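A short write-up of the structure that comes next.
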Number of protein chains: 2
Amino acid sequence: MEQDALGSESLDRAFMALADPVRRAMVARLSRGDATVNELAEPFAITKQAVSKHIQVLEHAGLVTRSRDAQRRPVHLDAAALERLTAWIDQYRLIAESRFRQLDQLLGAGVSHHEQENTPAKKKEELK
Amino acid sequence: MEQDALGSESLDRAFMALADPVRRAMVARLSRGDATVNELAEPFAITKQAVSKHIQVLEHAGLVTRSRDAQRRPVHLDAAALERLTAWIDQYRLIAESRFRQLDQLLGAGVSHHEQENTPAKKKEELK
DNA sequence: TCATTGATCAACTGATTGGTTGATTAAGAG
DNA sequence: CTCTTAATCAACCAATCAGTTGATCAATGA
């Protein structure tokens, strides 16, 4: 049932990585081209060690990769990893939206209600 | 600075809310219909207080809403909030992908004049 | 060789989080 | 009224995290 082809921990790290404005700004910067730690550190008032940690978080989350070019370690954004995240979210968003449309048809047009509906049947599953 | 029309803190909370397997399972469950705290707690081996906190996290992140039905407080998934997240990710994913395609063409032409690219010798990476 | 630059490692601190137990509110049902 | 159910509040604890300073590594250039 779980089509988590990319493991729960991987999603943990990916979403956690994006749950920080500094790292999101880095993603935004990297979308325009590879950059080094120092270049990524410039806009922020934090030490380079902190920036290095942020990049390690992004790397461990699979969102960026790194290569070596002399002393420099350019950081590269992995667009495919971003796509995997949107795929996970859309999976459930589309289910919810289609369910909402079904309900809207059942209630008939013109009935403006607040969005609450009950599940037709309670499925009590036990998995621990 | 931030061109986030949604506010940085809102994105912080939304991504952070999804960076937890319990809360993601709740989102998956809620995509199939509204549910109460107790219903959401069933699959997990944690107390209902902990589940209540998880739901508060989702609610504070704007991913779910709640209403009142007698004693029950059904939780409702907000599909529009999920869409805002995918929109944020796609914004940068598409930039990165278009840049990747541009670079791919320039490699065929020979000379790169891209101002932001630091690694002219970059070549295609393997797709996963 | 030595100095410089880019980047990381190690240890520490303060703040935050996830979970618990126990008490409490709110709304019915008897 | 009391009793039960649903859910939250409050206090607390262990674990984790963001950021710092200081030392170290790796590659290059003098």
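Please read all numbers here as calculations on a predicted model, not as lab measurements.
- Sequence order on DNA chain D of the closest nucleotides to B:N38 and A:R23 puts B:N38 first from the 5' end.
- At a threshold of 4.0 Å, the pair A:R93-A:D90 counts as salt-bridged, since one of the basic side-chain nitrogens sits closer than that to a carboxylate oxygen.
- As a whole-Å value, the separation of B:M16 CE from C:dG18 P is 8 Å.
- For B:H54 and C:dT17, the NE2 to P distance is 13 Å, given to the nearest whole Å.
- Proximity of A:L40 to A:R29: side-chain heavy atoms (C-beta onward) are separated by under 4.5 Å at one or more points.
- For B:E39 (side chain) and B:T36 (main-chain N/O), a donor-acceptor pair under 3.5 Å exists by modelled atom type.
- Taken together through direct or relayed side-chain contacts under 4.5 Å among Ile, Leu, Val, Met, Phe, Trp and Tyr, A:V27 and A:I89 form part of one hydrophobic cluster.
- Across the protein-nucleic acid pair, B:D20 atom CG and C:dT16 atom P stand 19 Å apart, rounded to whole Å.
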Let me see the working for A:R23 and A:L18 under side chain to side chain contact (heavy atoms under 4.5 Å, CB included), right down to the final yes or no.
CA-CA 6 Å; A:R23 289 191 290 262; A:L18 293 181; 6.0 Å; no
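- Cluster partners of A:M16 are B:M16, counting Ile, Leu, Val, Met, Phe, Trp and Tyr whose side-chain heavy atoms approach within less than 4.5 Å, directly or via other members.
- Linking ILVMFWY side-chain heavy atoms closer than 4.5 Å, directly or via other members, places A:V57 and A:L77 in two distinct hydrophobic clusters.
- Heavy-atom contacts of chain A under 4.0 Å fall on DNA chain D between two terminal nucleotides, which in 5' to 3' order are D:dA18 to D:dT28.
- Side-chain polar atoms of B:S8 and A:R24 form a donor-acceptor pair below 3.5 angstrom.
- Here C:dG18 presents its C1' atom at 14 Å from CZ of B:F44, a figure rounded to the nearest Å.
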Measure all distances between protein nitrogen or oxygen atoms and nitrogen or oxygen atoms of nucleotides 21-30 of chain C, and list the pairs falling under 3.5 Å.
{"from": "C:dG22", "atom 1": "O6", "to": "B:Q49", "atom 2": "NE2", "distance (Å)": "2.7"}

